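Comments concern the structure below.
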Amino acid sequence: MHVMVKPTGSLCNLHCEYCYYLSKQELFGTPEQWRINDDVLESFIRQYFEGQNCKEVVFSWQGGEPTLLGLDFFKKVVGLEQKYCPPHVRCENDLQTNGTNLDEAWCGFLREHNFLVGLSLDGPKGLHDHYRKDRSGQGSFDRAFRAAKLLKKHKVNFATLSCVNRVTGKQPLDVYRFLRDDVGVTRMQFIPVVEPVGFRQVAPGRWDTRLMPALGSPQARPGTPGSVVEDWSVDPEEWGDFLCRVFDEWLRKDLGKIFVHYFDAAVETWMGHVSPLCTLSPMCGKGLALERDGALYACDHFVYPEYRIGNIMNAPLEEMAYSEAQEGFGNSKEGLLPEYCRSCTYEFACFGECPKNRFIKTPDNEPGLNYLCSGWKRFFRHIDEPVQRIVRALGERVVKEQRTMTAEHWRPEKQV
């Protein structure tokens, strides 16, 4: 199991227009309740170690913005991990951040304790600042870019996480080349920004199927009258184009030098292995979310009352994580696929992608098709032949190295 911890709940110093998590404050009460307390923190760390049976245990700290808790909080985290970590087990930490609070002291600590940092950076200044503003309406690019420089200066292990939205989706090479050439990062994650209208109130899977538009209809694209998605959502066709154009640049110039998680995952699946990414594997449910009050949810994109599993202060984490209900949640990813997906050539590479995005209908009027289906299919067709060539060139020895690299470099996906 893997748990994404939200120690500040939805509390954040930015107010990104497309954020899917800011609205969670409506679920969790007043601001003073948005911080994890010491009892919940220690109980989680202890139970998380107890519930694992592998040689590496990874803690993921996300938000909201977890750095709002301050450096002393994470010093406490490291102390508790050292207290409860079993012998012969390696403890690792991930920190997903917008970077605006990072300074010399933060980066020194992150380097000292080998944190893997995910830095939210959507592209060059104009593209990043379009949606990623603070509460006063000021763009956050300068602070995020400064954080990237500090992380590199201190040799902190970090990757960029770029949300591909309706604006950045139109500029794939501007985004990719900026990250490669100006930021100098060697690991990139691109996450499609997709939310249906009403997502703040209606949980995934609880949509009215009668209102679902069909694949290819105007309502299944952003910015059209009666669109099923928020205006800032990436267009399905542009999502496919974004991936294809970045892939071509990567293949020509950066293969073996830059690691892009969707491209790494494609090599894995074309080799016949299960995708290392939860959104593209046949089963999900292994990446749970822990809110600041100890409440456990099926996934961080399913933090709604309908998907609350329980509370670690009242029931064992391990028991809830491996419960029949959570197992059913994970198996439903493949189990509820429409026939249109089951007959698709590229089902093995996608399995209907994330269930949170399955809110349109197939051409045969069957509900439950992924909003990004056309884009994903375009991408898979585009890369099929070159990825097959990569797989043939790798050979079994390098296949094993690739699997080790993938496990080391990527964690469950996160949109911030």
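The basis for the numbers below is simple: all heavy atoms, side chains too, and nothing from hydrogens, waters or symmetry mates. If you're wondering where the values come from, they're calculated on a predicted model, not measured in any experiment.
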message = Can a donor-acceptor pair be found, under 3.5 Å and without considering hydrogens, that links the side chain of Glu81 to the backbone of Cys91?
response = no
Subject >> Under 3.5 Å donor-acceptor, His2 side chain and Gly287 backbone >> reply: no
Sequence neighbours excluded, the answer for ring pair (Phe, Tyr, Trp, His ring centres under 6.0 Å) partners of His15 is none
Is it true that Arg46 and Glu50 have a side-chain N and a carboxylate O under 4.0 angstrom from each other? yes
- Item | Flag for Thr97-Glu65: side-chain donor and acceptor within less than 3.5 Å | yes
Q) Would the Trp61 and Phe115 ring centres measure less than 6.0 Å apart? A) no
Review point. Do side-chain atoms of Thr168 reach the backbone of Cys163 as a donor and acceptor pair under 3.5 angstrom?
Key: yes
Kindly determine whether Trp106 and Phe74 satisfy ring-ring contact (aromatic ring centres under 6.0 Å, His included), including the steps that lead there. CA-CA 10 Å; Trp106 264 106; Phe74 284 94; 5.7 Å; yes
Residue set satisfying ring pair (Phe, Tyr, Trp, His ring centres under 6.0 Å) with Tyr340, at least two apart, ordered chain then number -> none
Residues passing the side-chain contact (heavy atoms from CB on, under 4.5 Å) test with Ser275, sequence neighbours excluded, are Ala265, Thr269, Leu277, Leu280, Ser281
- Query: If you draw a 6.0 Å radius around NZ in Lys133, do more than 12 non-hydrogen atoms from other residues or ligands fall strictly inside?
  - Reply: yes
Could you verify whether a donor N or O on one side chain and an acceptor N or O on the other, from Asp94 and Gln62, lie under 3.5 Å apart? no
Between the SG atom in Cys107 and the CZ atom in Phe158, the distance rounded to the nearest 0.5 Å is 9.5 Å
Across all chains, not counting sequence neighbours, the side-chain contact (heavy atoms from CB on, under 4.5 Å) partners of Asn331 are Met283, Glu327
Residues at least two apart in sequence or cross-chain that pass salt bridge (Lys or Arg N to Asp or Glu O under 4.0 Å) with Asp142, listed by chain then number, are Lys125
Exercise: do His382 and Asp248 side chains pair donor with acceptor under 3.5 Å: yes
Keeping Asn37 on the side-chain end and Val40 on the backbone end, is there a donor-acceptor pair under 3.5 Å? yes
Note to self: I want to know whether Phe190 and Tyr262 have ring centres closer than 6.0 Å.
What the structure shows: no
Residues pairing under salt bridge (charged side-chain N to carboxylate O under 4.0 Å, His left out) where one sits in residues 150-160, two or more places apart or in two chains, turn out to be Glu104-Lys153
* **N-O pairing of Arg90 and Glu92 below 4.0 Å** => yes
Derivation of the salt bridge (charged side-chain N to carboxylate O under 4.0 Å, His left out) call for Glu237 and Arg221 = CA-CA 9 Å; Glu237 297 298 331; Arg221 305 185 74 167; 5.5 Å; no
**Asked** Counting N and O atoms only, with roles assigned by atom type, does the side chain of Tyr48 sit under 3.5 Å from a partner on the main chain of Val3, one being a donor and the other an acceptor?
**Response** yes
Strictly by modelled atom types, are Ser233 and Asn165 linked by a side-chain donor-acceptor pair under 3.5 Å? no
On a heavy-atom basis, the closest approach of Ser120 and His128 is O-CE1, 3.8 Å
Can a donor-acceptor pair be found between the side chains of Tyr18 and Arg132 at a distance below 3.5 Å? yes
Next on the checklist: Using modelled atom types and a 3.5 Å cut-off, is there a donor and acceptor pairing between side-chain atoms of Lys24 and backbone atoms of Val303?
Outcome noted: yes
Sequence neighbours excluded, the answer for ring pair (Phe, Tyr, Trp, His ring centres under 6.0 Å) partners of Phe145 is Phe141, Phe178
Gln96 versus Ser60, side-chain donor and acceptor atoms under 3.5 Å: no
### Message
Does either side chain, that of Asp300 or that of Tyr20, offer a donor lying less than 3.5 Å from an acceptor on the other one?
### Response
yes
Those residues at least two apart in sequence (or on a different chain) that pass ring pair (Phe, Tyr, Trp, His ring centres under 6.0 Å) with Phe247 are Trp250, Phe263
### Query
Do Glu291 and Arg308 meet the salt-bridge criterion of a basic N to acidic O distance under 4.0 Å?
no
With sequence neighbours left out, the residues meeting side-chain contact (heavy atoms from CB on, under 4.5 Å) with Glu238 are Lys170, Asp235
Residues at least two apart in sequence or cross-chain that pass salt bridge (Lys or Arg N to Asp or Glu O under 4.0 Å) with Glu230, listed by chain then number, are Arg200
Would a line drawn from the ring center of Phe59 to the ring center of Phe49 be shorter than 6.0 Å? yes
Using only heavy-atom distances, determine whether the side chains of Tyr307 and Arg206 contain a donor-acceptor pair under 3.5 Å.
-> yes
Q) Using the ring of each side chain (for Trp, its six-membered ring), is Phe348 parallel, tilted or perpendicular to Tyr346, with breaks at 30° and 60°? A) tilted
Do we see a donor-acceptor contact under 3.5 Å between the side chains of Asn93 and Asn114?
no
Contacts of Thr345 meeting side-chain contact (heavy atoms from CB on, under 4.5 Å) (sequence neighbours excluded), chain-then-number -> none
* Do Asn357 and Glu353 get their side chains close enough for a donor-acceptor pair, meaning under 3.5 Å? -> yes
Residue set satisfying salt bridge (Lys or Arg N to Asp or Glu O under 4.0 Å) with Asp241, at least two apart, ordered chain then number -> Arg245, Arg378
